[in-house]
Amino acid sequence: MDTTTARADRATGPDLKPLLAPRSVAIVGLSTKPGSAGLVVLQNLLNAGFDGSLHLVGRSGGEVGGRVVHTSLAALPEGVDLAILLVPSDAVLDTLRGCVERGVRGAVCFASGFAEMGAEGRARQQQIAETARAGNLALLGPNTIGFFNSVAGFHVAMVELVLPPRLRPDDGPAVAIVAQSGGIGVHVSASLRARGVPVSYVLATGNEAQVGLPEALEFLADDTATRVAVVYAEQIRSAPEVLAAFGRMHAAGKGVVLLHPGRSEGAQAAASSHTGAMVGNHGAMRLAAERAGVLVVDSLEEAIDLGQLMLRFPQPPVGGLGLITASGALCGIALDYLEPLGLGMPPMSAAQVETLREQLPAYTPPRNPLDLGTLIGPRPELITLGVAAEQDDTAIGSLLVSLPMPSPEIAPVWLDAYLRGMEGRAKPTIFVMQNEDMPLPGAMVDRAAKAGTVIMRSPERALRALARFTRFGTSRAEWQAAATQATAALPAAALRLPLAAGPLPEWQAKQLLAAAGLATPAGALATTLQDAQATAHRIGYPVVLKAQASALAHKTEAGGVLLNIADEAQLARAWQQLHDNIAHRAPGLALDGVLVETMAAKGLELVVGAVRDEQWGPVLMLGLGGIWVEVLGDVQLLSPDLPHAAIVQRLLGLKAAKLLQGFRGAQAVDLDAVARAVSTIGALMLQRPEIAEIDVNPLLAYGAEHGALALDALVVVR
């Protein structure tokens with residue numbers, strides 16, 4: 001089957017319950033040789049207390065622990081829930097066919113040697129996928145390490161395990177890990193468990209011949225033990241299926257944290273070679289996933305930290321950070337650290353200042369950040385008061401309490417004081433016990449876990465997590481606003497204008513932009529010198545000449561752009577020079593004509609681009625224009641239907657934002673006009689689906705109420 005094509009009806013997908021929580025299991029390909037993978041798998045099942053029916057199949061037969069090893073799949077009873085396949089890659093297809101004949105409902109395939117090996121391996125993987133689908137068998141793998149189900153206490157793995165604990169009823173909701181890399185899944189799980197965070201499942205989906213991210217998330221959306229899924233995806237084979245599964249998780253009130261490498265070309269190549277699937281546009285993926293309610297992170301540390309944070313605090317913060325510490329130095333460090341992360345630390349409100357002033361000595365001013373210094377030693381109740389005050393401050397969206405750990409004895413006392421301040425309060429908060437090389441007392445970890453406290457050891461890591469969580473909260477508010485407003489309809493002229501396939505010459509691209517409402521320089525296409533002179537007379541000198549042909553991708557390099565033409569005599573000479581340049585540098589090229597335009601006044605050069613990703617749909621790019629987009633790469637990616645106010649905020653989020661607001665006496669640019677231009681280009685991508693690409697570079701931004709002008713434009717039509 002084509003793994004990049006979404007199934008039309010998710011309800012017809014495989015049932016994962018027999019796979020993940022079977023009552024009958026067959027180990028196929030078992031060897032009785034001591035230390036063999038089959039015996040390890042068997043021992044793991046027995047050690048976990050599996051009490052269902054267990055069947056063994058191996059070519060050499062024999063007996064293991066009083067259990068007969070059958071030599072054929074035909075010896076299996078009908079309808080076994082799960083077959084664990086320990087056969088080499090060249091035997092997987094026939095083994096799966098035998099399982100289907102016996103009515104097996106699920107299978108785990110450890111073998112590698114499929115899509116990650118190239119075209120031949122992809123063909124073998126497609127065959128096993130088609131066999132599993134036709135037989136209504138849920139297939140996990142190939143190229144997987146298995147899975148861990150701590151809800152049922154059932155684990156499938158080929159290595160000897162220290163078995164994870166089974167979830168208890170009083171553990172509360174848990175985090176599930178879905179990873180295309182088993183090693184990453186185990187790492188995230190172990191890190192969370194070490195913090196006392198309950199983990200429900202670890203699913204290593206491997207090559208995803210059949211069961212992949214969409215199926216796993218659909219299952220977790222209905223799983224009562226799981227509140228948050230941490231997902232590691234090296235590639236996403238079907239964007240529509242994954243986005244639908246993200247939507248199901250969101251509708252079920254469950255969070256998803258996604259780590260998807262592929263921002264660099266090297267990461268894309270590594271991911272492709274691991275499982276044999278292509279990696280898509282990372283920026284477009286990020287926008288689409290965030291739009292679906294997913295928190296996208298950039299590192300393993302963030303995946304772990306945000307998984308824990310979202311489990312404890314389902315609602316992301318909107319607002320600034322509050323900080324309580326016992327170190328004045330940390331206040332300065334935090335302020336420096338937060339600035340590039342875009343998270344502010346607002347002043348404490350007057351009401352909370354008065355609340356604390358009565359309790360603090362004169363040399364400890366009540367403010368944010370709040371430095372309690374050595375007072376917390378004799379007076380730990382000040383931690384309680386500080387936490388309550390910062391939590392109750394309406395300007396504060398999240399809170400970090402970062403304290404030193406002078407001894408294992410004092411840490412639990414400070415934790416208890418913190419917990420008293422958190423009673424009845426729900427703003428996302430991290431409690432940091434510094435001195436990370438000193439282990440925390442086990443009883444303290446257990447106490448924190450039972451209370452749902454997010455404990456970390458690094459203040460910098462906590463700051464990064466809270467900043468990311470806050471950005472997620474802000475973005476989610478923007479998406480919700482976008483969902484409630486209808487995209488402005490384009491003028492009828494922009495909808496009806498016929499567009500030929502391929503790159504449009506600039507004059508046609510500008511016709512489209514102008515019809516959509518975007519300002520372009522005054523001018524017209526001329527096919528003769530007389531036409532050019534008439535246009536120049538109408539619009540006024542100085543003018544610009546630009547050679548026009550869809551095959552002329554780089555007009556300037558070909559000598560096809562001549563500027564500052566001051567009068568009719570210069571225009572005649574420029575007309576001849578332009579045609580001579582084209583004849584010399586692009587011989588045989590037939591021009592549509594020459595675009596004659598007024599010479600635009602100088603403005604701040606921006607770029608607005610849009611591309612339609614085959615998987616994820618349209619995405620916009622906004623940044624400093626001209627050559628600077630390539631030199632500095634200072635850009636923001638946007639959804640095509642982002643609200644006006646959110647576009648303005650994205651503009652102010654550029655590194656070059658000072659240039660937009662007036663720098664060294666320069667006039668601030670018309671941000672509203674730029675935002676309207678961005679919205680217009682977004683509307684074109686949404687309402688003209690045949691458009692594959694739009695590039696306006698530069699978009700000249702002028703002073704307040706003086707608008708923005710599309711100086712050059714490229715439109716590519718599918």
Side-chain angles (χ1 to χ4, degrees), residues 175 177 184 186-199 230 257 259 297-313 321-338 340-341 343 345 369-377 380 383 386-387 390 398-419 421-422 428-470:
V175 176
I177 297 106
I184 295 298
V186 170
H187 170 74
V188 173
S189 172
S191 299
L192 289 171
R193 291 184 194 278
R195 299 181 180 188
V197 178
V199 174
V230 174
V257 178
L259 174 59
V297 298
D298 294 328
S299 70
L300 272 173
E301 286 185 349
E302 287 186 328
I304 295 163
D305 296 342
L306 272 301
Q308 180 185 11
L309 196 56
M310 187 177 278
L311 178 67
R312 172 63 179 86
F313 301 102
L321 176 76
L323 172 62
I324 299 173
T325 182
S327 168
L330 185 60
C331 296
I333 291 172
L335 287 165
D336 278 349
Y337 200 87
L338 287 174
L341 296 177
L343 181 59
M345 201 180 293
L370 179 60
D371 174 18
L372 295 175
T374 58
L375 288 172
I376 59 174
I383 299 173
V387 168
E390 299 257 21
S398 61
L399 177 62
L400 170 60
V401 181
S402 187
L403 306 174
M405 184 174 163
S407 70
E409 293 76 25
I410 195 66
V413 176
W414 289 348
L415 173 64
D416 286 341
Y418 162 81
L419 290 175
M422 287 294 294
T429 304
I430 297 176
F431 183 74
V432 170
M433 276 278 91
Q434 296 159 209
N435 303 24
E436 56 193 289
D437 294 325
M438 183 186 297
L440 292 173
M444 178 181 176
V445 174
D446 292 342
R447 169 93 167 96
K450 289 179 181 178
T453 302
V454 178
I455 288 190
M456 294 186 190
R457 307 304 307 277
S458 163
E460 289 95 341
R461 190 163 167 175
L463 287 167
R464 191 167 70 244
L466 288 171
R468 175 72 73 182
F469 205 26
T470 302

Enter the distance from D305:CG to L300:CG here, rounded to the nearest 0.5 Å.
10.5 Å
The reported gap from CD1 in I383 to CG in L372 (rounded to nearest 0.5 angstrom) is 7.0 Å
Identify the heavy atoms of G386 and L370 that sit nearest to each other, and give their distance.
CA-CD2, 4.0 Å
Can you tell me how far CZ of R464 sits from CZ of F469, rounded to the nearest 0.5 angstrom?
15.5 Å
For L400, run the side-chain contact (heavy atoms from CB on, under 4.5 Å) check against L330, T429, L463 and tell me which one passes.
L463
What distance separates L321 CG from L343 CG, expressed to the nearest 0.5 Å?
5.0 Å
Straight-line distance of Y418 OH to L399 CG, nearest 0.5 Å:
7.0 Å
Closest approach of A326 to L403 (non-hydrogen atoms, all atoms of both residues):
N-CD2, 4.0 Å
Scanning both residues in full, the closest heavy-atom pair of D371 with S327 reads OD1-N, 3.4 Å
Can Q308 and L192 be said to form a side-chain contact (heavy atoms from CB on, under 4.5 Å), step by step?
CA-CA 7 Å; Q308 180 185 11; L192 289 171; 4.1 Å; yes
Separation between CZ of R447 and CG of L419, rounded to the nearest 0.5 Å
5.0 Å
Tell me the closest heavy-atom pair linking M405 and P439, and the distance in Å.
CE-O, 3.5 Å
Is a donor on one side and an acceptor on the other found under 3.5 Å between the side chain of R457 and the backbone of V432?
no
Between L466 and L309, is the side-chain contact (heavy atoms from CB on, under 4.5 Å) condition met? List the steps.
CA-CA 9 Å; L466 288 171; L309 196 56; 3.9 Å; yes
Strictly distance-based, threshold 3.5 Å: is any side-chain N or O of T325 a donor or acceptor partner for the main-chain N or O of S402?
yes
Provide the closest heavy-atom pair for L323 versus E390 in the form atom of the first, atom of the second, distance.
O-OE2, 3.5 Å
Heavy-atom closest contact (P404 atom, M433 atom, distance):
O-CE, 3.5 Å
